[in-house]
Amino acid sequence: METFYTDLLCIGAGLAGERVAVEAATRGFETICLSIVPPRRSHSSAAQGGMQASLGNCCKGEGDCPDVHFSDTVKGSDWGCDQEVARMFAETAPIAVREMAHWGIPWNRVVAGKSTYFKGGKEFEKIESKEKEGLITARDFGGTAKWRTCYTSDGTGHTLLFTMDNQVVKLGVSVHDRVEATALIHDGETCIGAVARCLKTGKLRVYLAKATLIATGGYGRLYRETTNAVICDGSGSILALNTGIVPIGNPEAVQFHPTGIVPTNILVTEGCRGDGGTLKDVNGERFMHIYEPEKQELASRDVVSRWMTHHIRKGLGVKSAYGDHLWLDIRHLGAKHIKTKLREVEEICNEFLGVDPITQMIPVRPCQHYSMGGVRTNKDGAAYGLKGLFSAGEAACWDMHGLNRLGGNSLAETIVAGRIVGQKVSDFLEGYEVDFKTAIIGDAVKKEQERIDAVIRGRDGRENVYEVRAAMQDALMEGVGIFRNAEDLRKAVEKLQTIAERSEKAGLRSSGIGANPELALALRIKGMVRLALCVAYAAEQRTESRGCHSREDFKERNDRDWLKRTLATWKEGDTLPTLNYEPNSKVWEIPPGERGYGSCQIICCEDPDVMGCGPASPATN
Ligand SMILES: Cc1cc2nc3c(=O)[nH]c(=O)nc-3n(C[C@H](O)[C@H](O)[C@H](O)COP(=O)(O)OP(=O)(O)OC[C@H]3O[C@@H](n4cnc5c(N)ncnc54)[C@H](O)[C@@H]3O)c2cc1C
């Protein structure tokens, strides 16, 4: 058995995993990153629109500062976030953007003089001053009071990830790609690494580490219609869930993005609406201003997705062979803007739709996009329940997003959290020694080997793993989508419980030897269905509407009873997760109030400790 020893094991080499690795390596700790794909192919690379940080350089960002960014983030989260974390995040984001510039990111810059822009379909002129010329500029994004989203055209994730990976290479961090962690090694108190499978040879390996980080990205692939890459199946959350100890925070907090293209669900960036693109219905009419007179197309994602679904339900969607959709119109932005600032959008539309966005409208509809839920950590990124285990990025519930993430806040989170958690992991490693107990390692490997052998031999059955996955994806799409209600959620939970039984009997059609994607999925499917059950069951239990979690039968945001974060764990032998709750935030800088967009029915919080601080309704303009 190949065994590797290291100080820090990063499971995941996207932006978050690599940023933590960079910090630890800079502090002199030996670090290994694991990744299913070569790091530069991680999902972070697909992010187009940008990264939020309150630089206040461009004229539309004037007066911006971490306070305003913090306030936007808290409102965006619908008061579901940990405000201490959101504060740390907003304060650090400008440093992170400048640091990335120092490492080589070709951020778009302020160009002095007049230029034409659009808002709410109307043209306006903006004039950038000479003094700001050459500073990092920003674009408009949903749910923000100021233009704060820094970008490199619409390839921001790409440039960030490649630049981060250059740092990883420079610092000599070992990257083992095409290696999948399948189980954490722990004794119920301390985590000492992971068992992993080489996806080229199929052989198991042992990684022993003083600290282990889960940075495996989101769990969008639990849903059928998602913008997420095929590797975003929540394997990090599954690693945590399988310990029976480490909870998943707010698994029900699943974001739908308004503009996935139909039918492939490839995302066209929020930058399209930020730059002035409009949403139109079957009659070619704009509609967002009817529902959201103030923010219009630039309300937060949960709000825009809901109004789009509502408008389609009113019969104003465009019929297609793939279901009803709406239009995104960016034609008025003009060829020059599209060809420079929205290049990937143009390419995606031409290549995948045969639509030229310079002259034609783009068919869009909301689809799953982001997982706010994930491995629950404290503000240092330390996972609950196991010493030596950390998490960062989309895989984590750190929790600065609460029940809805703002566009551009996720790229920023990966790098900001990567930086902060990287420092905390390094502090933890300073002088820390751990006993790599042979018996625990042996047990973990034996269990994994037996699991693999059982699937290959079909010991427990030969359920078709692709059919099981499709059934799970359908159950979540049908019952746990944008609008939710008790009846649909109950049915989804029941269906998923039956699917969970099938997942225990997953077998193979292929031989199972060597590089075998069917085996990889068969090994993961039980965990995926359990995670799906966490999503559905937690959604069923949360009897209120907050952020992306919209209950048709409980329309109010219930601050009296639900200023709480769900903590889901799974006890072996159970058929449902165990749900516990904790307060959203220990610190209340901004007490719950109105978001300023979205319909707002609130059952007020009666706790004087929560309501007695800060301004009642945060001012952001
Ligand atoms: C299409 C799209 C566009 C987006 N655009 C924006 C945007 O403009 N702005 C913004 O702020 N956010 C955007 N987001 C969100 C943002 O890109 C992601 O949240 C973020 O990049 C996630 O980074 P990460 O490092 O947490 O995970 P990822 O980049 O997903 O990396 C996960 C890593 O974990 C590895 N991995 C997974 N499982 C295992 C395992 N079991 N063992 C070993 N390795 C494993 C993978 O190989 C990969 O290296 C977008 C998301 C999508 C889907």
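When a ligand or atom number is given, it counts from 1 through the structure's own listing order. Keep in mind that what you see is a predicted model, and the values were worked out from it rather than measured. When a residue number appears, it is its place in the shown sequence, counting from 1.
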_Distance-only donor-acceptor check, side chains Glu448 and Thr182, under 3.5 Å_ = yes
_What I'd like to find out is whether the side chain of Cys272 reaches to under 4.5 Å of the side chain of Leu328, using heavy atoms alone._
yes
*Applying a heavy-atom distance cut-off of 4.0 Å, which protein residues contact ligand 1?*
Ile11, Gly12, Ala13, Gly14, Leu15, Ala16, Leu34, Ser35, Ile36, Val37, Ser42, His43, Ser44, Ala46, Ala47, Gln48, Gly49, Gly50, Val179, Glu180, Ala181, Ala215, Thr216, Gly217, Thr227, Asn228, Ile231, Ser235, Leu267, His369, Tyr370, Gly393, Glu394, Arg405, Gly408, Asn409, Ser410, Leu411, Thr414
*Knowing that exactly one of Arg205, Arg524, Lys200 qualifies, which makes a salt bridge (charged side-chain N to carboxylate O under 4.0 Å, His left out) with Glu180?*
Arg524
*asked:* Does either side chain, that of His337 or that of Asp275, offer a donor lying less than 3.5 Å from an acceptor on the other one?
replied: yes
*Looking only at side chains, do Arg148 and Asn57 share a donor and an acceptor under 3.5 Å apart?*
no
*Say whether Asn409 and His69, considering side chains only, have a donor N or O and an acceptor N or O under 3.5 Å apart.*
yes
